[in-house]
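Below you'll find the structure, written out as structure tokens, and then a few comments.
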There are 2 protein chains.
Amino acid sequence: MAGKNLGGPEADALDLGAVFRALADEHRRSVMTRLAADRSDSERGCNSFDLPISKQTQTHHFRVLREAGLIDEIDYGNRKGVRLRRADIEKRFPGLLALLEAESPGGAAPR
Amino acid sequence: MAGKNLGGPEADALDLGAVFRALADEHRRSVMTRLAADRSDSERGCNSFDLPISKQTQTHHFRVLREAGLIDEIDYGNRKGVRLRRADIEKRFPGLLALLEAESPGGAAPR
DNA sequence: CTTCAGGTACGATTCAAGTCGTACCTGAAG
DNA sequence: CTTCAGGTACGACTTGAATCGTACCTGAAG
């Protein structure tokens, strides 16, 4: 029952180019914006984002995010979980998640 | 003699998607990394970056950076100047330039 | 004036990326 | 067992972006 975590790069190995390429796509940025705005960092289902694209394309986008080191994907066989790698991102690229959070619909307010 | 400043978006109109798309390219990110690391924010020539690409392609890349609102281009007719829009970027996307500066060859040292 | 370096405009080419169709796998629920 | 929803693998298509060739413009220096 315990899903296995699909591999991604180590925290130190995160590449800014890969991160920017990942965030250049609107759908992926939408996912990251919502993940950054959710401070609970709870594991979420892949279809909790209501992306207006086919499931094959969703698979592709989540894979890109994982290979960029931005999320963890937990494979349960017939479903999949997604979790933001907040600590690793914050350590390697401090401030990046704040930029994304500021793009959240209700998240532009400075604190 | 006074070059005219080629237009770009206003500070408030900077789009994070366009910025990420601009920074996704290695050559453009190389330019921005060096601009971010140079705290003098002086105007620089376009060929002061030693990009290993043709001049037509350089024109294309600098245009993308300008249209994303990251740089100003000053047209003198037969040459061109480039200046980082540090204040506007810092206002709209605080911390972004620090991320780029950290990628600078000698700029990874935390303060 | 002519020459020349820096830059642009336009088009063509090449390549990467987003998208989806078809087929298949996986685990849970009947 | 069968059924079904969620997900993946593979291939094909399409679009956008990076690159460059050719031609032309601009201003400065002879």
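Chain letters run A, B, ... following the sequence lines, proteins first and then strands; every chain starts at 1. This one's a predicted model, so the numbers in the text were calculated from it and none came from an experiment.
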Please report, rounded to the nearest Å, how far the C1' atom of C/dA9 is from the NE2 atom of B/H60.
14 Å
Classify the side chain of A/K55 and the base of D/dG7 as holding, or not holding, a donor-acceptor pair under 3.5 Å.
yes
Separation between CE of A/M32 and CG of A/L99, rounded to the nearest 0.5 Å:
11.5 Å
Testing A/R44, A/R66, A/R63 for salt bridge (Lys or Arg N to Asp or Glu O under 4.0 Å) with A/E73, which one passes?
A/R66
A/I53, nearest nucleotide to its side chain (from D/dT19, C/dT19, C/dG7):
C/dT19
Would you kindly confirm whether A/L65 and A/F49 end up in one hydrophobic cluster when ILVMFWY residues are joined by side chain heavy atoms under 4.5 Å apart?
yes
Counting only side-chain nitrogens and oxygens, does A/H27 get under 4.0 Å of the OP1 or OP2 atom of C/dT19?
yes
Rounded interatomic separation in angstrom, taking CZ from A/F62 and P from D/dT8:
9 Å
For B/R29 and D/dA17, what is the distance between atoms CZ and P respectively, to the nearest whole Å?
17 Å
Find the runs of at least 3 consecutive base pairs, i with j, i+1 with j-1 and so on, that include DNA chain D, using Watson-Crick or G-U wobble geometry with both distances under 3.5 Å.
C:1-30 with D:1-30
Salt bridge between A/R28 and A/E67, side-chain N to carboxylate O under 4.0 Å?
no
Side-chain ion pair, B/D41 and B/R86, N-O less than 4.0 Å
yes
Write down the distance between CG (B/N47) and P (C/dC4), rounded to a whole number of angstrom.
19 Å
Can you work out whether A/D25 or B/C46 has the more 5'-proximal nearest nucleotide on DNA chain C?
B/C46
Figure out the CZ/P separation between A/R44 and D/dG7, and round it to whole Å.
13 Å
In plain terms, say whether B/R39 and B/E101 are close enough for a salt bridge, that is, a side-chain N and a carboxylate O under 4.0 Å apart.
yes
Nearest to the side chain of B/N78, heavy atoms from C-beta on, is which of C/dG7, D/dG27, D/dG7?
D/dG27
Honestly curious: do A/V64 and A/V82 fall in one hydrophobic cluster under the side-chain, below-4.5 Å linking rule?
no
With a 4.0 Å limit, can you tell me whether A/R63 has a side-chain N or O closer than that to the phosphate oxygens OP1/OP2 of D/dA9?
yes
Choose from C/dC20, C/dT8, C/dG27 the nucleotide whose nearest atom is closest to any side-chain atom of A/T57.
C/dC20
Describe the nucleic acid contact of B/D75 in one word from base, sugar-phosphate, nothing, applying a heavy-atom distance below 4.0 Å.
nothing
Using only heavy-atom distances, decide whether a donor-acceptor pair under 3.5 angstrom links the side-chain of B/Q56 to the base of C/dG7.
no
In whole angstrom, give the distance that lies between atom CG of B/L51 and atom P of C/dG7.
11 Å
Between A/R21 and B/D25, does any NZ, NE, NH1 or NH2 come within less than 4.0 Å of an OD or OE carboxylate oxygen?
no
Interatomic distance where CG belongs to A/L6 and C1' belongs to C/dT26 [whole Å]:
14 Å
Considering just the side-chain nitrogens and oxygens of A/R28, establish if one lies under 4.0 Å of OP1 or OP2 belonging to C/dG18.
yes
Can you tell me the distance, in whole Å, between the CZ atom of A/R21 and the P atom of D/dA17?
15 Å
Would you say A/S54 reaches C/dC20's phosphate, i.e. side-chain N/O to OP1/OP2 under 4.0 Å?
yes
